[in-house]
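Labels below follow one simple rule: chain letters A, B, ... track the order of the sequence lines, proteins then strands, and each chain is numbered from 1.
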Protein chains: 2
Amino acid sequence: MKGYLWTGGDPGSQKTAAPLDNARLAPWESIAVEAVGNVIEFWGFKRNQGRVWALLYLRGEPLTAGEIERELDLSKGGVSMLLRDLERWGAVQRVRVPQDTVWRYSAETDLVRMVTHVVEEREAAFVTRIRADLSEARRLAEGVGSLPTERLRRLERMATLAEHVERALRLFIKTSRLDVAGVLGAFRDGALSRKG
Amino acid sequence: MKGYLWTGGDPGSQKTAAPLDNARLAPWESIAVEAVGNVIEFWGFKRNQGRVWALLYLRGEPLTAGEIERELDLSKGGVSMLLRDLERWGAVQRVRVPQDTVWRYSAETDLVRMVTHVVEEREAAFVTRIRADLSEARRLAEGVGSLPTERLRRLERMATLAEHVERALRLFIKTSRLDVAGVLGAFRDGALSRKG
DNA sequence: CATATAGTTCAAGACCGCTTGAACCGCACC
DNA sequence: GGTGCGGTTCAAGCGGTCTTGAACTATATG
């Protein structure tokens with residue numbers, strides 16, 4: 001989510017899932033990789049975190065940092081950092097293939113868990129904060145003697161609204177988690193080889 | 001939502017609903033205004049759009065652009081653009097007080113409608129796009145002869161997941177709209193004076 | 001130990017959206 | 001017409017994040 005339809009309208013400029021530079025990738029891979037990049041960015045992560053995960057997931061077998069670097073046309077340092085983040089979040093696993101010295105990385109299905117989890121944390125904290133701010137404002141406002149009750153009421157309505165939105169949001173996260181959990185089964189079932 | 005807990009952790013640096021420069025505003029106003037600014041930014045709009053709307057809403061009576069400029073410490077040009085956006089979205093109304101030459105602006109309760117509406121549009125378009133991309137990828141992949149079925153399956157699962165998330169999201173928007181609509185009643189009911 | 005290659009770190013810079021401020025327009029009033 | 005003021009526009013600057021690339025560490029090998 002960057003510049004969408006905001007102020008200017010400017011429709012039709014939808015950021016394309018561009019073939020970009022990943023000329024190395026098969027077209028279908030490229031499209032899927034970019035799509036995941038978009039989603040992940042939308043949810044507040046870095047686009048390239050999504051791209052890396054998608055590549056690893058689609059390939060199925062572990063890749064080296066160098067391969068990722070080439071396939072996605074990223075810098076060495078960038079790949080290192082992206083992998084570290086993904087690994088820390090449990091979205092990617094670092095594996096060592098027997099009689100080989102380099103690290104390889106394979107996708108965990110947990111990108112999904114990671115997203116729901118982090119988003120949940122973030123959203124919850126945020127929403128809580130807003131509520132706290134609004135009740136603080138209300139407390140202060142009530143302390144002001146000469147405040148027209150009408151203005152106080154407006155403030156209260158604002159707070160009420162915030163609470164309702166919070167409820168809706170929590171509900172969304174909960175149902176969404178359930179729904180996703182179902183699909184996770186699908187991710188896990190198949191004969192998805194995973195080095196172990 | 002800017003830099004939250006992403007890569008670095010860095011907790012406790014929660015962006016405060018700072019007293020900022022709006023020394024002119026009563027503390028409770030300032031807090032509430034900033035809170036709304038945060039929310040609105042979180043949903044993908046400009047922080048200052050939220051601040052302007054909040055100020056107008058809390059004040060109850062129409063303000064001039066100059067007043068807004070001073071109260072929120074914004075630039076002339078900025079206020080003009082912010083008001084234009086808000087007006088276009090129906091979140092603010094431009095009113096002319098009898099025997100006065102300047103325009104004044106008053107808050108519509110429709111900020112809420114605006115947010116749900118725009119967010120809905122945006123989210124829907126986005127999600128649709130992702131789905132389209134993924135099925136395109138799938139179509140292409142199926143056209144490739146020598147593709148291991150396992151890899152194809154992974155792609156398919158990705159698409160399935162996207163569909164599920166889409167469903168959850170649409171559900172959220174729908175229930176959220178209903179919920180918000182309920183509160184809108186509360187916004188409208190009271191003896192909220194509106195120049196007419 | 002010297003060399004080479006994988007991996008990490010981080011300052012510098014690219015990039016991008018938001019805000020500013022000055023030029024400009026339009027209207028009222030003298 | 002001239003002056004003043006509200007309002008608009010937009011190029012330039014600012015502030016933020018993300019990426020790069022070079023220096024650095026770690027590890028294997030001869």
Side-chain angles (χ1 to χ4, degrees), chain A residues 1-10 13 15 18 20-22 37-38 40-52 62-70 72-88 92 94-105, chain B residues 1-10 13 15 18 20-22 37-38 40-52 62-70 72-88 92 94-105:
Chain A
M1 157 176 63
K2 274 298 164 54
Y4 259 71
L5 51 85
W6 290 163
T7 77
D10 180 23
S13 83
K15 182 188 293 175
L20 287 174
D21 298 307
N22 22 16
N38 286 335
I40 226 61
E41 181 178 30
F42 184 78
W43 289 110
F45 299 83
K46 292 186 199 168
R47 168 184 213 76
N48 282 331
Q49 287 165 351
R51 299 209 307 144
V52 168
L63 301 186
T64 68
E67 285 163 342
I68 296 170
E69 187 185 332
R70 256 171 284 120
L72 299 183
D73 193 36
L74 296 171
S75 68
K76 195 159 111 100
V79 170
S80 172
M81 287 185 298
L82 293 171
L83 283 174
R84 185 156 43 72
D85 293 339
L86 289 171
E87 195 186 354
R88 182 152 43 82
V92 143
R94 180 188 295 233
V95 301
R96 181 88 76 175
V97 177
Q99 40 250 51
D100 196 347
T101 166
V102 304
W103 285 108
R104 289 170 186 276
Y105 302 86
Chain B
M1 158 174 64
K2 275 298 163 55
Y4 259 72
L5 52 84
W6 289 163
T7 80
D10 179 24
S13 83
K15 184 188 292 175
L20 286 175
D21 299 307
N22 20 16
N38 286 335
I40 226 61
E41 182 179 29
F42 184 78
W43 288 111
F45 299 83
K46 293 187 199 168
R47 167 182 215 77
N48 282 330
Q49 287 164 351
R51 299 210 307 144
V52 167
L63 302 186
T64 68
E67 285 163 341
I68 296 170
E69 187 183 332
R70 256 171 284 120
L72 299 183
D73 193 35
L74 296 172
S75 69
K76 197 158 107 104
V79 171
S80 172
M81 286 186 298
L82 293 170
L83 284 173
R84 185 155 44 74
D85 293 339
L86 289 170
E87 195 185 354
R88 183 151 44 83
V92 142
R94 181 188 293 231
V95 302
R96 182 87 77 174
V97 177
Q99 41 251 49
D100 195 346
T101 166
V102 304
W103 285 108
R104 289 170 186 278
Y105 301 86

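Annotation: side-chain hydrogen bond (donor to acceptor under 3.5 Å, both in side chains) contacts of Arg96(A) (sequence neighbours excluded): none.
When rounded to the nearest whole Å, the span between CZ of Arg88(A) and P of dG7(C) equals 18 Å. Computed from coordinates, the Lys76(B) NZ to dC18(C) C1' distance equals 19 Å when rounded to whole Å. The CD atom of Glu41(B) sits 12 Å away from the P atom of dG16(D) (whole-angstrom rounding). Remark: P of dT19(C) and CG of Leu82(B) are 6 Å apart, rounded to the nearest angstrom. Spacing between atom OH of Tyr105(B) and atom C1' of dG6(D) amounts to 9 Å, rounded to whole angstrom units. Between the CZ atom of Arg51(A) and the P atom of dC18(D) there is a distance of 15 Å, rounded to whole Å. Note: CD (Glu87(B)) to C1' (dG6(D)) measures 15 Å, nearest angstrom. Here dA14(C) presents its P atom at 18 Å from CG of Asn48(A), a figure rounded to the nearest Å.
Proximity of a side-chain donor or acceptor of Arg94(A) to a complementary backbone N or O of Glu87(A) within less than 3.5 Å is not detected. Remark: the backbone N or O of Val97(B) is not paired with any side-chain donor or acceptor of Arg104(B) at under 3.5 angstrom.
Checked against dT19(D), dT19(C), dA6(C), the side chain of Lys46(B) finds its nearest nucleotide in dT19(C). Listed nucleotides dC10(C), dG7(C), dT19(C) differ in distance to Trp103(A); the shortest reach to its side chain belongs to dG7(C). Checking dC10(C), dA28(D), dT20(C) against the side-chain heavy atoms of Met81(A) singles out dC10(C) as nearest.
Each of Leu74(A) and Thr101(A) was assigned the nucleotide of DNA chain D with the nearest heavy atom; the assignment lying further toward the 5' end belongs to Leu74(A).
A side chain to side chain contact (heavy atoms under 4.5 Å, CB included) with Tyr105(A) holds for exactly one of Leu82(A), Val95(A), Val92(A); it is Val92(A).
For the OP1/OP2 pair of dT9(C) and a distance below 4.0 Å, the side-chain nitrogens and oxygens of Arg84(A) include at least one atom meeting the criterion.
Heavy atoms of Arg104(A) sit nowhere under 4.0 angstrom from any nucleic acid atom. Looking at heavy-atom distances under 4.0 Å, Ser80(A) makes contact with a base.
The two residues Arg51(A) and Leu74(A) come nearest to each other via the heavy atoms NH2-CD2, 4.0 Å.
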